[in-house]
2 protein chains.
Amino acid sequence: MSANSRLTIAAHALAWIGLYQRQGHEVATSEQIATSANTNPVVIRRLLGELRRAGLVESRRGVGAGWSLARELESMTLLDVYEAVEPGPLFAMHRTTPDQGCVVGYGIQPAMQGIYEGIEETLRHELARVTLENVLRDVLAAPR
Amino acid sequence: MSANSRLTIAAHALAWIGLYQRQGHEVATSEQIATSANTNPVVIRRLLGELRRAGLVESRRGVGAGWSLARELESMTLLDVYEAVEPGPLFAMHRTTPDQGCVVGYGIQPAMQGIYEGIEETLRHELARVTLENVLRDVLAAPR
DNA sequence: GCATGTTGCAACCTTCGCTGTTACGACTGG
DNA sequence: CCAGTCGTAACAGCGAAGGTTGCAACATGC
């Protein structure tokens, strides 16, 4: 599976904003987050833009602008983040329609569809069990 | 997540070989399977080669050559197939090391690693619950 | 009202993995 | 020896994602 770091970076950004706000700051800039994540500010803005559409963060413009949480970290789960930044299904069907004249070619897609749906439902359930507060706690618990 | 059809095609190929053998044939050719899956025989050979390394199928060369199952479909699970054809982890870390001088940058990777491992374990458990016999049954159960 | 700092967003390049395709050697049964 | 099939390398095409640059939009302070 072509591994995708979008969920990781998004969690990183949310944890960073959350911690920064607890230290008394109002807003965090994409520049600061990008430095922590060692990437480009535009990448962060793109990701946070998707999180904003999902109602997880807010942004201000102008001088003293930046990003802030729209909800408490306790009320955000990895599922919220996952659905905000990962569009498609986990497993894909054939890129071209299989031979509908063949018994297997005809039945394989509905069969796999049903199986995959169950598995993705379980995945979503697991993601929903982890809040961003859990993530931040784990981050701060890392041994020096 | 960039969706990947490898697991789907591999399951298709195994179901096809299994059904073909039940119809009294000894071996299936990559050409036949490719026709059913509407793709190129080389793609099938590559995938089946990985399944052979995992001990799920066997191949013969020479005249009358082709592929056969190494085990019964009942004893193969989607987890076996998944591990044979999907190399990496489901979720990736940052492509570049985050800022180790930042608390979040320092702790984020171990934190996410632990979370992801739990989730992937659950995913593997779900995949292990589905046998290729289940898949073939679902395939044949598709309404006409 | 102007300077400043930041977001919003488009455009483009690079990289990477997968698929598709061609080609050809290796192998084996007849 | 011939024919059919696997085994595998090589390469092109595609799409997703990240990285980068550039610039307009915006809000705040002076």
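Chain letters run A, B, ... following the sequence lines, proteins first and then strands; every chain starts at 1. Note that the coordinates shown come from a computational prediction; the quantities given were computed from them, not determined experimentally.
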N or O in side chain of [X] less than 4.0 angstrom from [N] OP1/OP2:
| X | N | value |
| --- | --- | --- |
| B:Asn4 | C:dG17 | no |
| A:Thr29 | C:dT6 | no |
| A:Ser59 | C:dT7 | no |
| A:Asn40 | D:dG18 | no |
| A:Ser5 | D:dA17 | no |

Rounded to whole angstrom units, what separation is found between the [atom1] atom of [X] and the [atom2] atom of [N]?
| X | N | atom1 | atom2 | value |
| --- | --- | --- | --- | --- |
| B:Glu26 | D:dT5 | CD | C1' | 16 Å |
| B:Ile44 | C:dT19 | CD1 | P | 10 Å |
| A:Leu47 | C:dT7 | CG | C1' | 15 Å |
| B:Leu7 | C:dG17 | CG | P | 19 Å |
| A:Ile9 | D:dG18 | CD1 | C1' | 10 Å |

Exercise for review: Map B:Gly64 and B:Arg95 onto DNA chain C by nearest heavy atom, then report which one ends up closer to the 5' terminus.
Suggested key: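 That would be B:Arg95.
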
Counting side-chain heavy atoms from CB outward, which of [options] is closest to [X]?
| X | options | result |
| --- | --- | --- |
| B:Arg52 | D:dC6, C:dG20, D:dG7 | D:dG7 |
| A:Arg45 | C:dT6, D:dA25, C:dC9 | C:dC9 |
| A:Val42 | D:dT21, D:dA9, D:dG7 | D:dT21 |
| B:Arg6 | D:dA17, D:dA10, C:dC18 | C:dC18 |
| B:Val63 | C:dG5, C:dG29, D:dT5 | C:dG29 |

Check your understanding: Can A:Val42 be reached from A:Val57 by stepping across I, L, V, M, F, W or Y side chains whose heavy atoms are under 4.5 Å apart?
Key -> no

Just call it for [X]: base, sugar-phosphate, or nothing, with non-hydrogen atoms closer than 4.0 Å on any strand.
| X | result |
| --- | --- |
| A:Arg46 | base |
| B:Gly66 | sugar-phosphate |
| A:Arg60 | sugar-phosphate |

Practice item. Any chance you could measure B:Ile44, atom CD1, to B:Gln32, atom CD, to the nearest 0.5 Å? Key: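 Going from the CD1 atom of B:Ile44 to the CD atom of B:Gln32 covers 11.5 Å.
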
Check your understanding: Do A:Arg61 and D:dA25 share a donor-acceptor pair, side chain to base, under 3.5 Å?
Key ->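 Donor-acceptor pair under 3.5 Å: yes.
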
Review point. Side-chain donor-acceptor pair under 3.5 Å between B:Ser36 and B:His12, yes or no?
Key: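 Checked: B:Ser36/B:His12 side chains pair up, N/O donor to acceptor below 3.5 Å.
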
Point to revise | Nearest non-hydrogen partners of B:Gly55 and B:Ala70, listed with the distance | key: O-CB, 3.4 Å

Study note, to complete from the structure: Nearest-nucleotide check on DNA chain D, B:Ala28 vs A:Thr39; residue mapping nearer the 5' end is B:Ala28

Practice item. Measure the acute angle between the ring planes of A:Phe91 and B:Tyr82, then classify it against the limits of 30° and 60° as parallel, tilted or perpendicular. Key: perpendicular

